[in-house]
Amino acid sequence: MNITTHINGKSYSHDVEPRLLLIHYLREVVGLTGPHIGCETSLCGACTVELNGKAVKSCTMFAVQADGANVVTIEGLASNGKLHAMQEAFWNEHGAQCGFCTPGMIMASKQIIDRNPNPTEEEIRHGLEGNICRCTGYQHIVNAVKAAAKAAGV
Amino acid sequence: MATTITKPETLVGKRIRRREDPRLITGTATYVDDIKMPGMHYATIVRSPHAAARIRSINTKKAAAHKGVIAVFTGKDTQKVGPVPCGASLPGLRVPHHHILAMDRVYFAGHPVAVVVATDRYVAADAADLIEVDWDVLPAVADPEKALAKGAPAVHPEWPDNVAFNYHQEGGNVEKAFSEADVVVKQRITSQRLIPTAMETRGVVADWRPADRQLNLYSSTQIPHLMRTLVAQMLGLEENRLRVVAPEVGGGFGSKLNVYAEEALMGFVAMKIQQPVKWIESRRENFLCTIHGRGHVDHYEVAAKRDGTILGIKLHIIQDLGAYHQLLTPAIPTLSVLMMPGLYKTQNVRADIVGVFTNCVPTDAYRGAGRPEATHGIERMVDVLAAELKMDPAEIRLKNFVTKEQFPFPTATGLTYDSGDYAAPLKKALDIVDYQNLRNEQAQARKQGKLMGIGMSTYGEICAFGPSPATPAGGWESATVKIDPTGKVTVMTGASPHGQGEETTFAQIAADELGVNIDDILVLHGDTAVVQYGIGTFGSRSTAVGGTAVYFALQDLKAKIKKFGAMLLGSDDVSFSGGQVICNKTGKSKSIQEIAAASYRAMKLPPNTEPGLISTHFWEPPNFTFPFGAHIVVTDVDRDTGAVAVRRYVAVDDCGNILNPLIVDGQIHGGVAQGLGQALWEQAVYDDNGQLVTGELMDYAVPKAHMMPRIESDHTTTPTSVNPLGVKGVGEAGTIGCSPAVVNSVVDALAPLGVKHLDMPMTPETIWKLIARSKS
Ligand code: FES
Ligand code: FES
């Protein structure tokens, strides 16, 4: 099947098998290996990307379902060499250790702030429920989301 | 002439953000699955659905004929490959031959039996489904206590008792201690099987270059050099023809401190098909086939005086080993024995271990590796004793601690504790929670029928592995530091960090020692073609041992820089500071950059000095280090649901000097999350047939953000004299300190109901049942 997608501001057309998962399309066909695979069963959130403005787990959908969609992956967050505020916050607050969950975490965190610019700690923690990190115990990640919210507020 | 501006301040001890992060936060790091090569093929492994079975036959014809499949291999093809290695040795240890693919029998659910190689991962998976195995299913045993019972199915038919080894150790005079006791408390305590669950599963890319006889192996591992030595042996390849690369590694926690069948298998496949091949473990495989942790059933007896003085400890450990020995499997419970006295003075201990085969995936090192079990045991027992004697848990601990004046302290298990002030973190933690008021509040809450608990643990750990005579593979670590002709610095460490931040902390050390800007320093690791031999990252060792190697390599280099500087300045009376060699008489100076250039240009050399600026140091630690600390946990238990809410978590850790507080806090948080996971939620469950019931993230409860409390982390600082940095190690502290504090807290909450002990995980269901029973 032929699909056309707009990823990180660029258009791509490919002939893909209907069963190809979006995450495999992004990683193996388009060559964007920022989104990771931690489970392939929609439980870990490592594959989180933005699809038409909403955070989705890209292992839970087929590439053909993204036909015509706008996709943003972690690689598309920084613009003109300037990190996105959430990336900057993850760096400052030590929100990443091994970094494997990080691209998905940052995408999910960005979504939290997009929906609610001033979230409480509890709201942040619930907003991150779909993303597993085995390294950080989440505290520095929560701090990063708070810091990014604060930075956006000033 | 002084040229370059030097860095103004010291960096060691500063909370600076990590230098490895830019690639992680932009999604541009390269993990194994991100590697792509021309002609690369994909492998899928066919695994046993049964925990014990004979293989009557395997039919691979249909799979081999499937479009896109280029090869299928079974155990017959790979039988010449050497066995999966066990690096631990114990007297009388029974070691089953661990083929990389099963021969005629499988020993655990997930046991690999065949590999299918195809042009794409979807095709490989399709073809794997076409492999037909004719199974003769056999009875299995998945529980170590049941495996020891008479008439249990034999995991390995040659050893019908399922015993892999018996181990005994004692110190002092236990019988005398017990005969003099006023009170003896006994308790059975379990440390359940856990699944390490690094977020990146394992994966291997193998690339064989026949013309060069060169195999390049990219593996998600904590130990690239040890892997090179061991996999080369398995494949019958000369070690210098094998290059192992640990690219970005997405967490390990001990699960990647191993050599697995798949590493040699992918090497074998690549050499056969003469094309690169990739295998990426699925999450399901990760749960079934990567090592598990813990798996203890412990029987403790503690003898004490009525005033709370501990006289002696007896411990019997039943260790669930699983079906095979992986790299360190049988050694792990011996670490529990070494740490069994905890922070306490008692000199009378006796321990027995029986290592038991079960039809399960092997257990091995998981964050803490033997020490969380020991700490959990002794810290539970101290609370059991305190309850028996109606003493305060803080008071009984303070009474039994090794005191400040007693260091270095020889333990009953043959260790020498380096340095410590065990009362300090406990007192600090008690202050932080305002202990007396908290107890008053608890008394009020109890009057209202509320279940509020206060629990503590005071842990010690054995870290910075370690003196070589006490480790299976050499316990030193190596570093090379070189300065290029332009003055840029590269540090190559034998440690293999995968999230611990040593690209930053080692750069901090080098920046301070050389007086150069941290941006001029690059830290490399994880590639056997780049780094001199090394041991790797595990056992809270990288900074304490690897960082010390860096420190000493820098000292050699500084001496050489001084020599060159002296020559250039034409004076012997020089000093080195702030990145400059300065003539003490004239005040003239030469920068590192000028000296580096001169050292390579080599127009003139100081006497007995080689050109260039490079130094390699292998550092052998004279002892382990022994970090310690105190964790206090306040919990509220819901009477109606049995749910445990952690109201406060206070961690006061003493890991010696701290190089970067931001990174140390991160290590503590992550460690506590894994300890809390064990205490409250996580458990690998096998059914009686040896099927892993918790085989997916859906069933195995790894903590998520909303389940974690905010951790209040604080420190005391007692430097070690074992290394010149004074650092002790912190990677495992959080995990080791956590679980007993949480269990002690919940037992304390339920004490009004007559509860004296709880096993982990303390799920709402278990607790609800206890509450319900107490009502009836
Ligand atoms: S890989 Fe998509 S949720 Fe885990
Ligand atoms: S940083 Fe390693 S899993 Fe989150």
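Keep in mind that this is a model prediction, so the values were computed, not measured. Lettering of chains follows the sequences in order, A, B, ..., and the numbering in each one begins at 1.
Side-chain contact between B:Gln500 and A:Gln97 is absent, with no heavy-atom pair separated by less than 4.5 Å. At a threshold of 4.5 Å between non-hydrogen side-chain atoms, the residues A:Thr136 and B:His669 do not count as touching. Between A:His140 and B:Leu662 the shortest side-chain heavy-atom distance falls below 4.5 Å.
Contact annotation for A:His84: neither backbone nor side-chain heavy atoms come within less than 4.5 Å of a heavy atom of chain B. In this structure, chain A has no heavy atom under 4.5 Å from any part of B:Pro497. Looking at B:Arg284, there are no atoms closer than 4.5 Å to chain A (heavy atoms on both sides), in backbone or side chain. The part of A:Tyr138 that comes within reach of chain B is its side chain, from C-beta onward, which places non-hydrogen atoms under 4.5 angstrom from that chain. Contact annotation for B:Leu676: neither backbone nor side-chain heavy atoms come within less than 4.5 Å of a heavy atom of chain A. Interface remark: B:Val672 contributes no atoms to any contact with chain A (heavy atom separation under 4.5 Å). Contact of B:Thr26 with chain A is made through backbone and side chain together, with heavy-atom distances under 4.5 Å. Contact of B:Asp665 with chain A is made through backbone and side chain together, with heavy-atom distances under 4.5 Å. Only the side chain of A:Thr41 comes within less than 4.5 Å of a heavy atom of chain B; its backbone N, CA, C and O stay farther away.
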Give the C-alpha distance, both sets of side-chain angles, the deciding distance and a yes or no for side-chain contact (heavy atoms from CB on, under 4.5 Å) between B:Arg121 and A:Glu28. CA-CA 11 Å; B:Arg121 70 174 86 205; A:Glu28 291 177 16; 2.3 Å; yes
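Of all residues in residues 28-38 of chain B, those placing a non-hydrogen atom less than 4.5 angstrom from a non-hydrogen atom of chain A are B:Tyr31, B:Asp33, B:Asp34, B:Lys36. Among residues 72-83 of chain A, the residues having any heavy atom closer than 4.5 Å to a heavy atom of chain B are, in sequence order, A:Ile74, A:Glu75, A:Leu83.
Ion pairing between a basic and an acidic side chain is recognised when a charged N comes within 4.0 Å of a carboxylate O; B:Glu200 and A:Arg134 show no such pairing. For B:Arg710 and A:Glu121, the salt-bridge test passes: some basic side-chain N is under 4.0 Å from an acidic carboxylate O.
Among A:Pro103, A:Cys44, A:Cys135, A:Ala46, the residue making the largest number of heavy-atom pairs under 4.5 Å with chain B is A:Cys135. In terms of non-hydrogen atom pairs under 4.5 Å with chain A, the most contact-rich of B:Val702, B:Val249, B:Thr201 is B:Val702. Listed options B:Gly734, B:Ala705, B:Gly677 were ranked by heavy-atom pairs under 4.5 angstrom with chain A; first place goes to B:Ala705. If you tally non-hydrogen atom pairs under 4.5 Å between each of B:Pro703, B:Gly670, B:Gly501 and chain A, the highest count goes to B:Gly670. Between chain B and the residues A:His126, A:His24, A:Glu122, the most heavy-atom pairs under 4.5 angstrom are made by A:His24. When each of A:Pro35, A:Gly34, A:Gly137, A:Gly130 is checked for heavy-atom pairs under 4.5 Å with chain B, A:Gly137 comes out on top.
The nearest pair of heavy atoms linking B:Gly251 to A:Cys98 is N-CB, 3.3 Å.
Once rounded to the nearest 0.5 Å, the distance linking SG of A:Cys101 with CE of B:Met199 reads 7.5 Å. The distance from atom CG of B:Leu24 to atom CZ of A:Phe100, rounded to the nearest 0.5 Å, is 11.5 Å. In this structure, the separation between CE on B:Met698 and SG on A:Cys39 is 9.5 Å, given to the nearest 0.5 Å. Taken to the nearest 0.5 Å, the CG atom of B:Asp21 stands 11.0 Å off from the CD atom of A:Glu88. Note: A:Met105 CE to B:Ile25 CD1 = 15.0 Å, rounded to the nearest 0.5 Å.
Checked by atom type and distance alone, the side chain of B:Tyr122 never pairs as donor or acceptor with a backbone atom of A:Glu17 at under 3.5 Å. Counting only distance, with no hydrogens or angles, the side chain of B:Arg18 and the backbone of A:Asn92 share no donor-acceptor pair below 3.5 Å. No donor-acceptor pair closer than 3.5 Å links the side chain of A:Glu129 to the backbone N or O of B:His706. Under the 3.5 Å distance criterion, the side-chain polar atoms of A:Arg125 are matched with a main-chain donor or acceptor of B:Met708.
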